[in-house]
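What you see below is based on every heavy atom in this structure, not just the backbone, and it leaves out hydrogens, waters and symmetry mates.
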Amino acid sequence: MKGNARFTERETGQEGLIHMVQLTIDDIAVDVPEGTLVLEVALAQGIDVPTFCYQKRLSPLASCRMCLVAIEGAAKLQPACVTPVMDGMVVHTATEQVAKIRASMLELLLANHPLDCPVCDKSGECELQDMVFEYGAGVSRFQDEKRVFHSQDLSLNQVIIFNSNRCIQCQRCVRICEEVVGAVALGTVEKGMDTAITGFENSLESCDHCGNCIEVCPVGALMSQPYRYKARPWDLVETDTTCPFCGTGCQLTVSARDGQLARVTSKYETGVNGETLCVKGRYGIDFIDGGDRIETPLLRRDGTLSAVTWEEAYAALREHIGDPAAVNGGRIGGLASAQQSCETLYLFQKMMRTVFGTNNLDSSNRWAAGIYDALPGLFGDLYSRRPLDELLEADSILVIGSSVTDDNPVSDYLIRATLRNRTGKLFLASARPSRLDKDSTAHLRLLPGDEVQLIALLDHALAGMAGEAAAPLGEFVQQAVTTVKSAASVTVLVGVDLLRAPQANLALQWLERFLRRLRGSGKQVGLQFLFDRSNQMGAWEMGVLPGHLPGWRSLGEAGFEQAWGKPPPRMPGADIHAMLERCADGEMDLLYLIGSDPLAAYPDRDLVEKALSSVGLLVVQAAHHSATTARADIVLPGAAFGEETGTVIGNEGRVQIIREIRRPAGRARRNMEILTQVAETFDCDLGAATPQEVFAEIAQLVPSFQGLSLGDISAAGALTASTPRVGGEELDGPPMPTRSNGLRLDNGKLMLVTGDCGFHSGFATEQSATLSGILKDSYVEIGSTDGQAKGLAQGDNVIVRSGRGETRLKLRLNKNFPPGLAFIPENFAHPRLNQLFSQGEYPCPVDILPDHAP
Amino acid sequence: MDGDLKERIEAIMGRYPTRRSAIMPALCLAQECGELLRGEILKDIADLLEVPEIWVYEVTSFYSMLYSEPVGKFHIQLCTNVSCLLSRSTPLLEHLKQRLQIGEGGTTADGLYTLTTVECLGSCDTAPVLMVNEVYHENMSEQRIDTLLDQLTPQPAA
Amino acid sequence: MYEKILLKNLETPGCHDIGTYEARGGYKALATVLKDYSPGDLIELVKRSNLRGRGGAGFPTGVKWGFVPKDTDKPIYLCCNSDEGEPGTFKDRALMEKDPHVMIEGMLIAAYAIGSEISYNYIRGEYTLSIERVETALHQAYERGFLGKNILGSDFSHDMYVHRGAGAYICGEETALLESIEGRRAQPKLKPPFPAVAGLYECPTIINNTETFAYLPHIVERGAEWFRGIGPEGSPGPKLYCLSGQVKKPGLYEFPMGISLREMVEEHAGGTHSGKVKAVIPGGVSAPLIPECDLDVGMDFDSLAAAGSMLGSAGVIVLDDTACVVRVATRIMEFFNLESCGKCTPCREGNDWAAKVLRRLEAGNGRREDLDQLEFLCDSIFGTSFCALGDAAAWSLGAALKHFREEFERHIDEGKCPFH
């Protein structure tokens, strides 16, 4: 991430011209842009200047006094971290006086800092240790009583434990919590020697638990409870990989000791996240060790699943299907999870198409029907395959249909950090309140399904056409368009809420129209999705789609027959909705799933129940048991995250590597291997088999991957390329959306929406012991006024009932919720949330009633 | 939060362009109304001002005149800075401890008196000086302390 | 013998009431300013007078006002620093309790000069009577039309509020004062930007001391040349001095700048109880003490700076020869230790270390190495701290060590305090 001292032409106020300043530092003459800090000049010259409180992305403090340097003409030493360069300045960073003061500051810190190194987690990677070694005196003269805050470490919450005696008051934790994460949970109490950082009334129970405060702490004051006492840094084997959860695509460093997962951190210089992580990425990776791992192949015999060998499992599959060439591809379907790697997904669709002759493919349980018609228009030339922080430099940013704070926390951090340092304006429209509301120029509460109306109105207003809408929608459109009109650059970020509701297809069409109109009026336009899965974009680019081949190519397109040795089937396939219907009608012989759990995830449990009981054969390839595997006929144990190397494409269109940190558990096999073996079972050769080979084949066939090779992808990943516009000429105006009534109190009913909560991602993290330790049970959340009107209080047991089903949950009241909205997180299996929903209706109206059952 | 207190806080909010500025006056007003500054009242103030709770907590703990621990009915604050020190504040402190039978920072068992030492009260020309709650008592001596305590301590009914 | 300027009202009962204040000529200067001066003229007047801030830093007031950007569309704030926490100082309290209107009138004059429509008077929380008197005075001023919209029929409007402190010496530091008003922990802010450009709420802000404002109506009435002609040219004007400690006649005095410290202590304040001065702290405990042999120093900004000390808040604390310098130095370091805001390493950690050593030394358990430690601490804290509090702690201890080292050594060698 870029820091607050990044100056561009615009900020010096001179178009196209940066004023340069000449100065000398340690006898080196340099030429730097006006506004550069002396510290930045030193670091760029490879001169070591020690700092504690300074961090590029945080507000300047100059309180630790470690970076004091000598500047000719100044009577006192000056803090390099806040001193901007001046023409003719002469800086000395290595004088005797400077060295003496550095040693003095360290000796002062060591006076009260407890010499805990032998028992302190931070030892070996402690900045204070490093600095004392480098700049300290080697002797401490202090002989009086050290200040002691407490003799037992303070547990601030399940994951953060604190030793106040070690704190050196650098305030990095307080600043990152406020300025980047936006939680403002940490603060500083008392003054003078009693100064201590802490949470409200010494607790962080209600904070985000993201652990970024721990990560930035230079000493062992803030510590991670799950990691405590587990290892010394030199015991750890580190693997850099990519987070498996949302589409932000944070770079993780996963550390293991003797093969056991020890902790997850991140590096300042890498990735979209640059040393920040959310609670899920930091603490949720233990999901690979949690829940129920499938460790052997399973075969249903006499109604129960029993362990078999791989050979037996494959043989059973062969027996059921017989000769696939004799099977109607229309009766076979495949569903893959968007958390699988590109390589697995590519091989999957290749297998389904070349072995089973079907285009019945999908990669998500949750999106509305019809979106695959509208998506190609967005993914060619419009989608911005660029770093998110570049897009966030736009004059105006629209975030539509996204619960970004919960779905993509680190993207939320980036937006916040950018808005602090720039003048860009944020307009945010979402169903649930967002932490970014207060950073926005205007925000709007918008039900899923109403995004289409918003975008159509934006387009109309931009075109100068009158559009009718009641406030607050009308007001929001007004404000947004006024800004957009005078902006040179506009970035639109679209969330997954927009994809769930029935009008999603139309919304996407309007989105394309709006973006092309913006571009046509000479503006620089940016578009990215904020996916809540790590590889949704990858799944689509790899062609796990009923109507497209890899690279959004049409089914008849040439090139594939040559590459695959067989023509892919020409008939457009069924998406998940149609597949499930056909299963339920007894028209499907085989459903092959990788990692997908429709019985829990698809928003119509009844339909899935029928489908799974009526399908001929259900084969599930997965790492963990789920509601769906319990119904399977054949279960093939696949590798979990970290047990197989592959790539994923994040929201930025950036390909990043997920690396193996260990072998697959039990007798599980790598997913790509399984697919190759399934193909072999039917006497087919899928060709490319290793990640390198598969990637190379992808690079040949998928235009956006052209020129990339797996071996060349660095820690920063590699951006895929934009491709020529897909789809025809000017769109005829898409049809106007049907007006919705928005949030309404209809007979006291509320509109139920779902999605990630702040502590969980999708269906995977319920398996994480740490995240479940923070939040184990689901809940239903409604507005305080609605709660009051229904005579309900925080913590009450309630029944949530829709036209289809009901579930029992604890109630949460949120004073920022708009009236008429209810939210249940999607992440928990127990409540069977998808029982309440029915296909084609989202959100769904529900009653909330007190539950008097014991 | 008491309705009257809420009104007074809302009135004082009007003096400042930001809600955060009203944190300090809100705490002073709450304390004036008899609130001990911890727990619910801090949350209520944070709620009313729409600021994070931690900001209210930070301000409460920073200032010596905002109390989050109970203080006796009469808070005796004796200045021990240089001018008062030179004018015999040390023996006066001993005298107070002796009369009240508590240490520095302590509170009498009946909750009547808390004794603390404070920094300069800005009345150095009439040293030694002490403050009882908000009232200055100047030119103190052992005798004047005795008289003061006799006046403050409720006498049993005749 | 010396003309009383501010003391005239301070020594007349009832001047806190607007009726009395006006009857004695109050608010005439304001009327003159609004009628006859442009803001620019007014700034020039104050520059010519060479009035230097009476809070402690002694920065030329007119020059400071000139730093306010002329072409800003942000609101311009004025603050009165009535936090008066510097030990030995009680002049501002006297003004607020007994003559609050001269401060208010001065603030209005300053506000007009810089274009401010709103001001905050930061009064330390312990000054209950001052707060009461100032709030009442403001109420009276509003009623008489000296505050509010279109003051005295001019285009100038102004609102003035009291902001109560709550017990923190550091709020006397001007940027910490601003943070306190903004509802933050009162820790000093980075400079630049200076408050005149980006102060309260990041808007242009001028902060002046109570006494500085109090002299403004007099400067308007009697002219810059009158003011400048009193005392030394570089540090002119009448000045309030607070005498306390071991003197026979402690109290608030007003003398021309530059009066000798010896004259002040031995003639006007009646000399010491014991008859012999050991040392005098000239400007609040932040100012290094002046040993008896240097007592002829002139009490003005420049003379005291040249003597290795400062005028500061003019809190003059007298030690006679029965006083123990080590005890005083210890108490002062404890004060800075307790009042440190805790932001920067040298002040937070260094003052604490020094206080611990001094307490032990003062109690008779010191060693010779402790003196080396104290010198190390003075060197480490002075010039490296974020604000002047750390500097003051190191500076004042350094002077005590320099001038009275043998008292420290006696504590160490005799294992007890030789004075008690």
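Chain B forms the most heavy-atom pairs under 4.5 Å with one residue out of C:C242, C:S180, C:A323, and that residue is C:S180. Among B:T18, B:I23, B:T80, the residue with the largest count of heavy-atom pairs under 4.5 Å with chain C is B:T80. Residue with the most contacts toward chain B among C:C171, C:G125, C:C324: C:G125 (heavy-atom pairs, distance under 4.5 Å). Your options are B:C79, B:A26, B:C120, and the one with the most heavy-atom pairs under 4.5 Å with chain C is B:C120. Heavy-atom pairs under 4.5 Å with chain C were tallied for B:S123, B:C28, B:S87; the largest tally goes to B:S123. Top candidate by heavy-atom pairs under 4.5 Å with chain B, chosen from C:I170, C:I281, C:V162, is C:V162. Chosen from C:G315, C:A166, C:G85, the residue pairing most often with chain B at heavy-atom distances under 4.5 Å is C:A166. Among B:A127, B:P17, B:P25, B:C84, the residue making the largest number of heavy-atom pairs under 4.5 Å with chain C is B:P17. For the options C:E339, C:E86, C:K249, C:H163, heavy-atom pairs under 4.5 Å to chain B are most numerous at C:H163. Taking B:E58, B:M24, B:R15, B:E134 one by one and counting their heavy-atom pairs under 4.5 Å with chain C, the maximum is reached by B:R15.
Looking at C:I118, only its side chain comes within 4.5 Å of chain B, counting heavy atoms on both sides. Heavy-atom distances place the side chain of C:Y201, and not its backbone, under 4.5 Å from chain B. At a 4.5 Å heavy-atom cutoff, C:H273 makes no contact with chain B through either its backbone or its side chain. When heavy atoms are compared at a cutoff of 4.5 Å, C:A186 approaches chain B by way of both its backbone and its side chain. Only the side chain of C:R93 comes within contact range of chain B, with heavy atoms under 4.5 Å apart. For C:T128, the part sitting under 4.5 Å from any heavy atom of chain B is the side chain, from C-beta outward, and nothing else. Interface remark: C:V247 contributes no atoms to any contact with chain B (heavy atom separation under 4.5 Å). Residue B:L85 touches chain C through its side chain alone, counting heavy-atom pairs closer than 4.5 Å. Using a 4.5 Å cut-off between heavy atoms, C:Y253 does not touch chain B at all. For C:L243, the part sitting under 4.5 Å from any heavy atom of chain B is the backbone (N, CA, C, O) and nothing else.
C:R184 forms no cation-pi arrangement with B:W55, by the criterion of a distance under 6.0 Å to the ring centre and an angle within 45° of the ring axis.
Between C:F335 and C:Y169, the distance from one ring center to the other falls under 6.0 angstrom.
Ion pairing between a basic and an acidic side chain is recognised when a charged N comes within 4.0 Å of a carboxylate O; B:R8 and B:E32 show such pairing. For C:K91 and C:E211, the salt-bridge test passes: some basic side-chain N is under 4.0 Å from an acidic carboxylate O. C:E407 has no carboxylate O lying under 4.0 Å from a charged side-chain N of C:R327, or vice versa, which leaves the two without a salt bridge. B:R38 and B:E69 are joined by a salt bridge, as a carboxylate oxygen and a charged side-chain nitrogen come within less than 4.0 angstrom of each other.
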Practice item. Could you please spell out the steps behind the side-chain hydrogen bond (donor to acceptor under 3.5 Å, both in side chains) verdict for B:Y113 and B:T107? Key: CA-CA 6 Å; B:Y113 296 104; B:T107 301; over 6 Å; no
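Relative orientation of the B:Y67 and B:H75 rings is perpendicular, given thresholds of 30° and 60° on the angle between their planes.
A search for salt bridge (charged side-chain N to carboxylate O under 4.0 Å, His left out) contacts involving C:R359 returns C:E334, not counting sequence neighbours.
Inter-residue side-chain proximity for C:E179 and C:K189 is flagged as met; some heavy-atom pair is nearer than 4.5 Å. C:L397 places none of its side-chain heavy atoms less than 4.5 Å from the side chain of C:F336.
Other residues, nucleotides and ligands contribute only 12 or fewer heavy atoms inside 6.0 Å of the NZ atom of B:K73.
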